[in-house]
Every structure is written in structure tokens, then in C-alpha cells.
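Just follow the structure's listing: the first ligand is 1, and inside any ligand the first atom is 1.
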Amino acid sequence: MSWRVLRLEGVGKDFDRADGGVAQVLRDVTLTVERGAFFTLLGPSGCGKSTLLNIVAGFEGATTGGVSLDDSPVTGPGTDRTVIFQDVSNALFPWMNARENVEFGPKMARLGARARQELSEKYLRLVGLDADGGKFPFELSGGMKQRIQIARALANDPDILLMDEPFAALDAITKKHLQVEFRKIWNETGKTIFYITHDIFEALLLSTHLAVMTAGPEAGIKEIFQIDLEEPRTPSNPDFAALYSRVESLIDEEVQRMRAR
Ligand SMILES: Nc1ncnc2c1ncn2[C@@H]1O[C@H](COP(=O)(O)OP(=O)(O)OP(=O)(O)O)[C@@H](O)[C@H]1O
Ligand SMILES: [Mg+2]
């Protein structure tokens with residue numbers, strides 16, 4: 001499917017709470033993500049980032065407003081979007097080896113054995129695990145499982161990867177490796193990425209666009225940055241450092257506001 005922009009327009013979300021009340025989570029979120037962009041959401045814990053990602057995924061409906069690809073409304077999950085979860089322990093099928101996990105989507109799409117094998121070889125190589133295709137999830141480290149999850153997502157050839165804190169559960173060194181690798185993968189595949197992180201450094205390293213959210217309830221967009229830092233991006237660059245402090249202070253403001261309530 002060819003489209004140019006993913007559009008969120010006036011998106012609001014209320015949840016019915018277990019106590020009979022209503023949680024007013026999101027209010028009037030409007031933003032556009034150009035095809036090929038690496039768009040990142042940052043914001044205080046509990047503000048509604050995952051909720052917004054779930055709405056884009058089509059897992060949740062918006063209470064007001066909506067999501068569209070150009071002029072086609074998103075009404076549910078679709079093969080044009082794939083979600084990558086933070087929790088790698090449950091993301092892979094434990095009874096399938098790494099290769100079978102990667103080939104699962106193509107198999108569901110009724111691709112033949114030969115075509116599936118080509119895809120799994122290609123994407124296992126891309127994530128640096130071409131020698132580990134025969135291993136089962138219990139034989140893989142957290143970082144390896146996350147790489148397999150990424151390979152599996154790419155093998156489905158979605159237009160958009162929706163990633164909710166994908167590297168948050170990994171140790172610092174593995175995380176750093178995967179950040180660098182994932183930026184290369186994004187470069188090579190040209191996928192559109194909708195990404196959530198709490199890590200400002202990661203956001204500045206990876207993204208083309210960064211949206212800082214306000215604290216909930218009724219969270220919205222506080223500010224959107226287009227990031228065109230000199231490559232390779234490094235925190236020793238004064239522009240990087242300045243943008244880091246700017247974003248950090250915006251988030252601090254929101255955390256203070258939340259605490260003051
Ligand atoms: N199904 C639900 N029913 C009721 N309230 C919900 C539901 N899902 C989420 N919420 C509420 O919506 C708000 C936003 O949750 P969400 O998980 O989107 O936040 P988040 O920004 O992803 O937080 P974190 O950074 O901690 O992951 C929270 O107050 C949460 O309690
Ligand atoms: Mg979340």
C-alpha cells in the first residue's frame with residue numbers, strides 16, 4: 001500500500017475504570033508522521049504513550065478523533081503495521097526455533113518454503129543472528145530474543161513498526177549495541193518507525209522526530225522536535241547536549257506538574 005502520511009487527528013481516549021469512574025487519558029492528540037520517519041514519543045510514566053501506540057496499532061479504538069494513513073482510516077489491526085513489544089520473554093513462540101519464529105508470518109501469508117527460507121536468512125543476517133536460526137527461545141539471551149523479534153517483524157514486511165520501549169529491559173551494553181544496529185536497520189529498510197522510550201539519549205540517537213507529551217490525565221502533545229543533528233550523532237556535540245537538556249527540562253516540568261496534583 002502506498003501512503004505518504006500517518007495522521008493522528010484530535011485523538012482522545014477515555015477508559016471505563018473498574019470503580020465505575022472514567023479515566024480521561026488522552027485529549028486532542030494531533031500529529032503527522034511522514035512515511036520513512038523515525039518518530040519517537042517521550043513523556044512522563046503513565047501519561048498515555050502505550051495507549052496511543054495501541055490506538056495506532058488498531059488494538060484500541062479512539063474515543064474521539066482518529067488515525068488514518070493518508071485518507072484511509074485505521075479501524076483495526078492490519079498487516080501494514082507490526083508491534084514490537086518490550087517483554088521479549090513472551091513475544092516469541094517458545095515451541096519454535098528462531099528461524100521458524102521469523103518464518104511464521106510469511107507462512108501465515110502462504111508463502112512457499114523456499115521464499116520463507118530466503119526471508120528468514122535475509123532478516124536473521126540483518127540482525128546478526130544468521131548462525132543461530134536453529135536455537136529455541138530458551139537458548140537465547142534477552143538481546144538475541146529482541147533481535148529475533150525485530151527480524152520476525154521485518155519478515156512480515158509491514159510499512160510501520162510500532163515499538164513500545166523495545167530495549168528497556170536489556171542491560172546497558174546490549175542496549176547500546178542494539179540502538180546502533182537498529183538505526184542501521186532503519187536506514188537499510190526505510191521502514192516508518194513509531195517508537196516509545198523513556199531514554200532521552202536513545203531518542204536523540206535514533207529519531208528524526210520527537211514528540212514530548214504532557215502529563216496525564218488528559219495528556220497531549222507538549223512539543224514536537226524535528227531532529228537534524230550532525231551525523232554520526234554523539235552526546236559530545238554541543239547541539240546534541242543542548243537538545244538533550246531542552247527535552248529533559250520539558251519532561252521535568254511535566255513530572256513536577258504531575259506531582260503537584
Ligand atoms: N484498559 C485500561 N483501563 C483503564 N485505564 C487504563 C487502561 N489502560 C491504560 N489505562 C490508564 O491510562 C493511563 C495511561 O497508560 P499508558 O500505559 O498508556 O501509559 P504510558 O505513558 O505508556 O506509561 P509508561 O511510561 O509507564 O509505560 C494510565 O493512567 C493507565 O492507568
Ligand atoms: Mg507504556
Side-chain angles (χ1 to χ4, degrees), residues 6 8-31 33 38-67 74-77 81-91 142 146 149-150 153 160-170 172 175 178-179 182 193-207 209-225 244 247-261:
L6 167 71
L8 281 67
E9 218 158 304
V11 171
K13 182 69 182 175
D14 296 341
F15 284 110
D16 292 329
R17 286 200 315 247
D19 66 5
V22 174
Q24 301 182 311
V25 176
L26 296 170
R27 216 32 102 238
D28 202 22
V29 174
T30 294
L31 56 89
V33 180
F38 196 124
F39 192 101
T40 297
L41 287 178
L42 263 173
S45 183
C47 71
K49 300 178 296 297
S50 296
T51 302
L52 198 60
L53 184 135
N54 286 334
I55 292 171
V56 176
F59 297 154
E60 293 275 2
T63 309
T64 59
V67 179
V74 164
T75 54
R81 284 153 288 138
T82 298
V83 178
I84 291 180
F85 300 97
Q86 172 182 346
D87 181 8
V88 285
S89 56
N90 292 320
Q146 196 51 293
Q149 202 190 170
I150 291 169
I160 307 175
L161 289 179
L162 303 167
M163 307 177 78
D164 195 345
E165 305 190 46
F167 306 142
L170 304 174
K175 182 170 166 173
L178 272 180
Q179 287 166 344
F182 188 66
I193 314 286
F194 192 79
Y195 197 90
I196 295 175
T197 182
H198 278 286
D199 183 336
I200 303 173
F201 177 76
E202 176 172 284
L204 296 187
L205 203 62
L206 298 178
S207 324
H209 297 78
L210 171 58
V212 178
M213 292 182 70
T214 61
E218 307 206 320
I221 302 296
K222 189 175 174 79
E223 197 162 330
I224 296 183
F225 298 88
Y244 188 104
V247 171
E248 190 175 40
S249 69
L250 287 176
I251 293 169
D252 282 348
E253 257 173 49
E254 289 306 308
V255 172
Q256 297 304 334
R257 236 162 46 82
M258 194 166 65
R259 296 221 171 107
R261 286 209 186 100

Mind checking whether Met213 contacts ligand 1 via backbone (N, CA, C, O), side chain (CB onward), both or neither, at a 4.0 Å heavy-atom cut-off?
neither
Would the distance check show the side chain of Arg27 and the main-chain N or O of Pro217 forming a donor-acceptor pair, the cut-off being under 3.5 Å?
no
Within the structure, is a non-hydrogen atom of Lys13 found at a distance of less than 4.0 Å from ligand 1?
no
In the protein, which heavy atom is nearest to atom 17 (O) of ligand 1, and how far is it?
Ser50 CB, 3.8 Å
What protein heavy atom sits nearest atom 9 (C) of ligand 1, and how far away is it?
Phe15 CE1, 3.5 Å
Nearest non-hydrogen contact with atom 18 (O) of ligand 1 belongs to which option: Val25, Thr51, Thr197, Leu26?
Thr51
Heavy-atom side-chain contact between Arg81 and Phe59 under 4.5 Å
no
Closer than 2.8 Å to the Mg ion (ligand 2) - protein N, O or S atoms, ordered by chain and residue number
Ser50 OG
With the threshold set at under 4.0 angstrom, would you say Gly48 reaches ligand 1 through any of its heavy atoms?
yes
4.0 Å heavy-atom contact, Gly46 with ligand 1:
yes
Among protein heavy atoms, which lies nearest atom 26 (O) of ligand 1, and at what distance?
Ser45 OG, 2.7 Å
Residues Asp14 and Thr63: side-chain donor-acceptor under 3.5 angstrom
no
As a test of the contact definition, would atom 30 (C) of ligand 1 count as having a protein heavy-atom neighbour under 4.0 Å?
no
Quick note on ligand 1: atoms under 4.0 Å from a heavy atom of His198 include exactly 24 (P), 25 (O)
Do Phe167 and Asp199 come close enough that some side-chain heavy atom pair is under 4.5 Å?
no
With heavy atoms and a 4.0 Å threshold, my read on which part of Arg17 contacts ligand 1 is neither
Under a 3.5 Å threshold, yes or no: a donor from one side chain and an acceptor from the other, between Gln146 and Gln149?
yes
Glu60 versus ligand 1: do any nitrogen or oxygen atoms come within less than 3.5 Å of each other?
no
